[in-house]
Amino acid sequence: MKIFSNPQELKIYLKEIDKTVGFVPTMGALHEGHISLVKKAKEQNEVVVVSIFVNPTQFLKGEDFEKYPRKDEADKQICKLSGVDVLFFPQAEDIYTDDEVSLNAPRIRGFVLEGNSRPSHFDGVLTVVMKLLNIVNPTRAYFGKKDAQQLNLISLMVKQLFMSVEIVPVDTVREKDGLALSSRNVYLSSPQRKEALKIVSSLHSAGIMVSKNILNSELITNEMRKILAPLEISYVEILNRDFQKIEILEIGNSVILVEAKVGVTRLLDNIWL
Ligand code: AMP
């Protein structure tokens, strides 16, 4: 496995090998969720590039940038064992200068849900993803459905800015009890981890209601809120795949999204129905 921190050197290397490239951008502290993206990328491309970069511009003041889990050595081993060909491991100064061109997330779709709790978060996400895509110039880039709004906004960016990369969504990987894997799960104490399962139960019960043909969004989200109590809920929403609110759930074209705080940790999850 080759490791690069310099963007220009990586660009030259990838240009010279001239193969199809699958790209998996991450913030490290790798788990099975990340690895499933790598597996998919390996199936579909000749070369797999993973980036590990805890992007400062997507964290708001007072968020967990400083204490975000960093496991550089373990991550390198995981990448090697997963068959990653190239690891891009830049420092902030390799990516940013002190006077920057940047992208703005769309003023509506970028400032609802996660963007409402974390205004300007998606400006940072889109800016760094654009930079990483320009460095790697991949054939395909892989993003988890767990971060559904991020996936939607990145797909929108690629379409609206006429970029050539194919964005490939990947299903959420879960623990045996259903909790979605997340690098932030390490913040949870063991009672909090149990509390976090309310998020899974709320989505499960939404799934059951839909299977009984109860499709009214308000009925479903009210039931979910009951199950989530007493967690502090940031949002519970039913949207279509264009991320617009819908009063009646459309099977095959809907996403149910939850964000709730467990202690001080914000957890998000969703199901695609
Ligand atoms: P992160 O390191 O949290 O920025 O995540 C990097 C990529 O992995 C993003 O595309 C995430 O959506 C994806 N990801 C994170 N958790 C999971 C999971 N449990 N299952 C599948 N993909 C995930």
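As the structure is a prediction and not an experimental result, all values here were calculated from the model. Start at 1 and go down the list; that is how both ligands and their atoms are numbered.
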For a quick test of your reading: what N or O donor-acceptor pairs under 3.5 Å do the side chains of residues 42-49 make, sequence neighbours left out?
residue	atom	partner	partner atom	Å
Lys42	NZ	Gly83	O	2.9
Gln44	OE1	Tyr142	OH	2.7
Asn45	OD1	Arg140	NH1	2.6
Asn45	ND2	Ala41	O	2.8
Asn45	ND2	Tyr142	OH	2.8
Glu46	OE1	Thr20	N	2.8
Glu46	OE1	Thr20	OG1	3.1

Atom pairs and distances, ligand 1 N/O vs protein N/O under 3.5 Å:
residue	atom	partner	partner atom	Å
ligand 1	2 (O)	Met27	N	2.9
ligand 1	2 (O)	His34	NE2	2.9
ligand 1	5 (O)	His34	NE2	3.4
ligand 1	10 (O)	Gly144	N	2.9
ligand 1	12 (O)	Gly144	N	3.1
ligand 1	12 (O)	Gly144	O	3.4
ligand 1	12 (O)	Asp147	OD2	2.6
ligand 1	16 (N)	Leu181	O	3.4
ligand 1	19 (N)	Val173	O	3.0
ligand 1	19 (N)	Leu181	O	2.9
ligand 1	20 (N)	Val173	N	2.8

| query | With Ser211, which residues qualify under side chain to side chain donor-acceptor pair (under 3.5 Å), at least two apart? | reply | none
| query | With no hydrogens and no angle check, is any side-chain donor or acceptor of His121 less than 3.5 Å from a backbone partner on Gln58? | reply | yes
| query | Taking Asp75 for the side chain and Ala29 for the main chain, is one N or O donor matched with an acceptor at less than 3.5 Å? | reply | yes
| In Å, rounded to the nearest 0.5 Å, how long is the span from OG of Ser36 to NZ of Lys40? | 8.5 Å
| By side chain to side chain donor-acceptor pair (under 3.5 Å), which residues pair with Lys198, not counting sequence neighbours? | Glu195
